[in-house]
Amino acid sequence: MAPVPATAAAAAPAAVVSTHEIRRAQRADGPATVLAIGTANPETCVPQDEYADFYFRVTKSEHLPELKNKLRRICNKSGIEKRFMFVNDDVMEAHPEFADRHLTSLDARVEIVSKVVPELAAAASAKAIAEWGRPATDITHLIFSTYSGVKAPGGDRLLASLLGLRPTVSRTVLSLHGCYGGGRALQLAKELAENNRGARVLVACAESTLIAFYGPEVGCNDTIIGQALFGDGSGAVIVGADPVGAVERPLFEMAFASQATVPDSEGAITMQHKKGGMDYHIGGGVPEMLAGSIERCLADAFGAIGVAARWRDLFWAVHPGGRRILDLIEEALGLDNGAMAASRQVLREYGNMSGTTVIFVLNELRRRFVADGAEGADWGALMAFGPGVTVETILLRVGSGLKGN
Ligand SMILES: CCCCCCCCCCCCCCCCCC(=O)SCCNC(=O)CCNC(=O)[C@H](O)C(C)(C)COP(=O)(O)OP(=O)(O)OC[C@H]1O[C@@H](n2cnc3c(N)ncnc32)[C@H](O)[C@@H]1OP(=O)(O)O
């Protein structure tokens, strides 16, 4: 053992405190709680019934009428009415190479998204911080999730600076989690908030399809399905334990969180950055695969905390990956058609914004609780899915800030 220098020995505390005591003092007393939510979208809004015309025009693909009809058919059945996006006529005029995935375009795409995605996240975060009611410098941890982040220093650094966060804010980036990014970020925020007394964690998810926007190709149905479903948006949540009475408003308590990987599902959803933009695959059997796994995930989660839950008594914040996913999950759990109204509303108004969508759903649920005085369900489940295939489950309880509105 190395000798202890005299100066270090002199600086040692008089009373010996065990690391167990130090650890106990660091832990929060209560559960991680959602304290504020904010959302934002880019300006360009395309109605779903005009999307096929827009897409085939800007990608100069009118010579493929069968694919255009297929996109129209899927758009009609998508349960989506409109979507927001950064891609518009100006972007495509400035970057005609984006229309052809075989041309090199990743550098140009990264150049754009590494600016606009953190800016969008800043817009959503600023709303969350304003609602929270405390200064941005009280944020202790930042978790930034996006599939557009392929650069260092990353969007988390730009976001922290746009918001004026303290230089000691502890930053983490989650990348390429796709549609389970929001669920993963919230789970991580729960761990941080409960294990660091006084921590206030800003979760910011932001997605832009610009990184993966290219023209249609015969034989590549993934492109058509992606074009029919996905949109751009950002959602931000502030999570902390032991809310400060007069200032902070507990919206949802996070009682338990878990992650599960669906067996034999590795190739079902994939994403990979390539020279012509982000390549993705969404297998045809994804809705069935999720519907077949969801009940086990819920039973395991409620079993772990010893709560006997009846599915139809819960409130639901489920990632609306596609209309059929919500239909099959409702069927698998024996739920009424209205159980996932918040997810369906977000799908209708924004499409699938990948990892950020579940935050929009949480915001919509909050809106509904405020509107009806938090009548009804006390317990609920947030569920998000993505590549892996990965299922994130968070058990929620309505917070005191939503009761008696
Ligand atoms: C803003 C714009 C720009 C966008 C750019 C794109 C950028 C995307 C970038 C993001 C990539 C990230 C991906 C990774 C993350 C995924 C995470 C998830 O959400 S996981 C969840 C991801 N979401 C899902 O998994 C979507 C779930 N699916 C659904 O919700 C529904 O199936 C539906 C709405 C698509 C169609 O309604 P439904 O009642 O089923 O109607 P029908 O039975 O009548 O079929 C109509 C047509 O659809 C066809 N088709 C169907 N599926 C697929 C497929 N996978 N594949 C190909 N085709 C498919 C079918 O063959 C038929 O064709 P046709 O015979 O007419 O020629």
Side-chain angles (χ1 to χ4, degrees), residues 70 73-74 77-80 145 147 174 176-187 205 207 209 212 219-231 257-272 278-304 309 311-312 314 316-337 339-340 342-344 346-347 351-358 361 380-395:
K70 189 179 176 77
R73 281 198 299 280
I74 300 179
K77 293 187 164 183
S78 64
I80 299 169
S145 176
Y147 60 60
L174 303 180
L176 280 183
H177 288 62
C179 302
Y180 74 93
R184 185 88 302 257
L186 286 168
Q187 293 213 20
C205 299
E207 308 290 15
T209 51
C220 186
N221 286 338
D222 291 311
T223 305
I224 297 297
I225 199 88
Q227 290 295 332
L229 301 181
F230 287 91
S258 63
Q259 183 187 80
T261 307
V262 178
D264 304 320
S265 65
E266 201 174 339
I269 306 173
T270 61
M271 302 156 78
Q272 186 178 342
M278 191 177 76
D279 200 47
Y280 56 90
H281 164 66
I282 301 167
V286 167
E288 289 75 9
M289 191 178 275
L290 292 170
S293 315
I294 207 115
E295 189 158 26
R296 176 82 270 140
C297 296
L298 283 165
D300 286 350
F302 276 105
W311 307 148
R312 80 181 86 99
L314 303 179
W316 295 93
V318 173
H319 168 62
R323 198 214 69 242
R324 190 167 158 73
I325 291 177
L326 298 177
D327 292 348
L328 293 192
I329 289 177
E330 275 180 357
E331 202 180 299
L333 298 176
L335 300 175
D336 297 339
N337 189 246
M340 299 204 180
S343 300
R344 289 185 194 277
V346 169
L347 183 66
N352 177 346
M353 297 167 288
S354 207
T356 201
T357 325
V358 81
V361 176
L382 179 152
M383 305 197 77
F385 337 101
V389 166
T390 307
V391 180
E392 302 277 351
T393 305
I394 304 181
L395 304 185

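Bear in mind that the values here come from a model prediction, so they are computed numbers and not experimental data.
By the 4.5 Å heavy-atom criterion applied to side chains, Arg312 and Asp336 are not counted as neighbours. Inter-residue side-chain proximity for Met383 and Ile329 is flagged as unmet; no heavy-atom pair is nearer than 4.5 Å. A 4.5 Å side-chain heavy-atom check between Val346 and Met353 finds at least one atom pair inside the cut-off. Here the side chains of Asn221 and Lys70 are in contact, with some heavy-atom distance below 4.5 Å. At a threshold of 4.5 Å between non-hydrogen side-chain atoms, the residues Glu331 and Asp327 do not count as touching. Using a 4.5 Å heavy-atom threshold, the side chains of Trp311 and Glu295 count as touching.
Looking at Gln187 and Gln259, their side chains never bring a donor and an acceptor atom within 3.5 Å of each other. Checking Glu330 against Trp316 by side-chain atom types alone, no donor-acceptor pair falls below 3.5 Å.
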Inset, instruction - Apply side-chain contact (heavy atoms from CB on, under 4.5 Å) to Ile294 and Cys297, showing your working. - result: CA-CA 5 Å; Ile294 207 115; Cys297 296; 5.5 Å; no
Legend entry - Worked check of side-chain contact (heavy atoms from CB on, under 4.5 Å) between Leu314 and Phe302: CA-CA 12 Å; Leu314 303 179; Phe302 276 105; 3.8 Å; yes
Inset, instruction - Evaluate side-chain contact (heavy atoms from CB on, under 4.5 Å) for Phe385 paired with Thr390, printing each intermediate quantity in order. - result: CA-CA 5 Å; Phe385 337 101; Thr390 307; over 6 Å; no
Inset, instruction - Evaluate side-chain contact (heavy atoms from CB on, under 4.5 Å) for Tyr180 paired with Ile269, printing each intermediate quantity in order. - result: CA-CA 11 Å; Tyr180 74 93; Ile269 306 173; over 6 Å; no
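Each salt bridge (Lys or Arg N to Asp or Glu O under 4.0 Å) pair with one or both residues in residues 279-294, not counting sequence neighbours, appears once here: Arg101-Asp279, Lys274-Asp279, Glu288-Arg324.
Under the side-chain contact (heavy atoms from CB on, under 4.5 Å) test applied with Pro320, the options Leu326, Ile325, Leu229 reduce to a single match, Leu326.
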